[in-house]
Amino acid sequence: MSLPNQQPHYRTITSRLKPLAISTSFLLLFGCTTTSLTSESNALETAKNDCIGTIEQHTGLKLLPNEKLPPGVVMPQQQGGLCKGQVFVTTKEITIWRAWNSEYSGSKLGKWWTFDKPRGSISQYRRDNVICPSYSPLDMLVSCKVKVGTQVVVGPGQSAKCSDYFSYPASKTNQIYLADAGNTTLVCQSYDGRFSWREAPQKVVKSAESL
């Protein structure tokens, strides 16, 4: 049988294989996408399960149960952000606080805030709000009022890996995510940080005989 007589048969087989190849490629692509979305969903679900705090209801905030969370707010373990959160809307002006970095003016009206004025040791404040030293030196403080009708996300903090040497665990302290503080806040007041040293409490170590 000559080669020219084989060409029509070859074309028929090829034409049958092309749709199969396209279908297989589609299934592989769809399968990868589904796996990726499933993995991300599972990671966030694991993050929620590891939370040690609850989402608190604060005066002046109304829960929006059907509102979707913005991306990048609830994060997997060791990546900061919140471990779980819900969207609220302000029903009256509320005062929020933020410690920030004076070396970067854009840090003043950032996205992460607290309900309470920072007090006590800086190290404890970092731990409560999961703020790695590399994020900010926390040498300035600002308080602002949030406009009525502003949407915010509230929830306890997720754990954060600050370096190869240490990490902050998840925190029960509620934080506030405010997407656009520049346009949704008013009556802001800034404060600069000052040295204020106190004698550190001594740790009492019991002897073996007293145990």
Side-chain angles (χ1 to χ4, degrees), residues 43-44 47 51-53 55-56 58 60-61 69-85 87-88 90 93-201:
L44 292 180
C51 286
I52 63 171
I55 300 171
E56 301 169 355
H58 291 265
L61 295 180
L69 292 170
V73 177
V74 173
M75 298 293 287
Q77 291 179 342
Q78 301 288 297
Q79 294 187 28
L82 303 181
C83 62
K84 61 182 175 181
V87 180
F88 294 81
T90 55
E93 292 180 3
I94 63 171
T95 300
I96 57 176
W97 302 81
R98 173 178 167 81
W100 58 286
N101 178 8
S102 64
E103 299 300 321
Y104 171 48
S105 59
S107 171
K108 180 178 179 179
L109 298 179
K111 299 181 184 299
W112 296 101
W113 299 72
T114 61
F115 287 102
D116 301 316
K117 182 179 181 179
R119 301 182 187 279
S121 70
I122 295 174
S123 60
Q124 187 60 50
Y125 180 80
R126 285 190 182 279
R127 180 174 292 273
D128 289 343
N129 294 281
V130 197
I131 305 174
C132 294
S134 60
Y135 295 174
S136 172
L138 306 182
D139 60 336
M140 293 289 289
L141 178 68
V142 63
S143 66
C144 296
K145 291 186 181 296
V146 184
K147 296 177 182 178
V148 175
T150 300
Q151 289 189 12
V152 299
V153 181
V154 177
Q158 177 61 284
S159 58
K161 183 177 181 180
C162 298
S163 71
D164 292 335
Y165 304 101
F166 83 101
S167 300
Y168 284 130
S171 172
K172 65 180 181 180
T173 301
N174 274 215
Q175 299 182 45
I176 308 162
Y177 174 83
L178 183 58
D180 186 11
N183 291 316
T184 56
T185 59
L186 42 79
V187 194
C188 293
Q189 175 64 53
S190 294
Y191 308 82
D192 63 344
R194 302 294 179 96
F195 286 119
S196 178
W197 302 102
R198 294 184 179 181
E199 185 176 349

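These numbers come from a predicted model, not from an experiment. Reckoned from all heavy atoms, side chains included, excluding hydrogens, waters and symmetry mates. By convention here, the first residue in the shown sequence is residue 1.
By the 6.0 Å and 45° rule, Lys117 stacks over the aromatic ring of Tyr191.
Counted by atom type alone, Lys108 and Ser190 present one or more donor-acceptor pairs between their side chains at under 3.5 Å. Between the side chains of Thr114 and Gln175, no donor N or O sits under 3.5 Å from an acceptor N or O. Between the side chains of Lys161 and Ser167, not a single donor N or O lies within less than 3.5 Å of an accepting N or O.
At least one side-chain heavy atom of Leu186 sits under 4.5 Å from a side-chain heavy atom of Glu93. Leu141 places a side-chain heavy atom less than 4.5 Å from the side chain of Trp97. Using a 4.5 Å heavy-atom cutoff, the side chains of Ser171 and Arg127 are not in contact.
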Discussion item. Please determine whether side chain to side chain contact (heavy atoms under 4.5 Å, CB included) holds for the pair Cys144 and Thr184, giving the CA-CA distance in whole Å, both sets of side-chain angles, and the decisive distance to 0.1 Å.
Written reply: CA-CA 10 Å; Cys144 296; Thr184 56; over 6 Å; no
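The minimum heavy-atom distance linking Pro169 with Val130 is given by the pair O-CG2, 4.0 Å. Closest approach of Thr185 to Cys188, counting heavy atoms only: OG1-SG, 3.9 Å. Heavy atoms only, all atoms of each residue included: Ile94 and Phe115 are closest at CD1-CE2, 4.5 Å.
Taking a cutoff of 4.0 Å between a charged side-chain nitrogen and a carboxylate oxygen, Asp128 and Arg126 do not qualify as a salt bridge.
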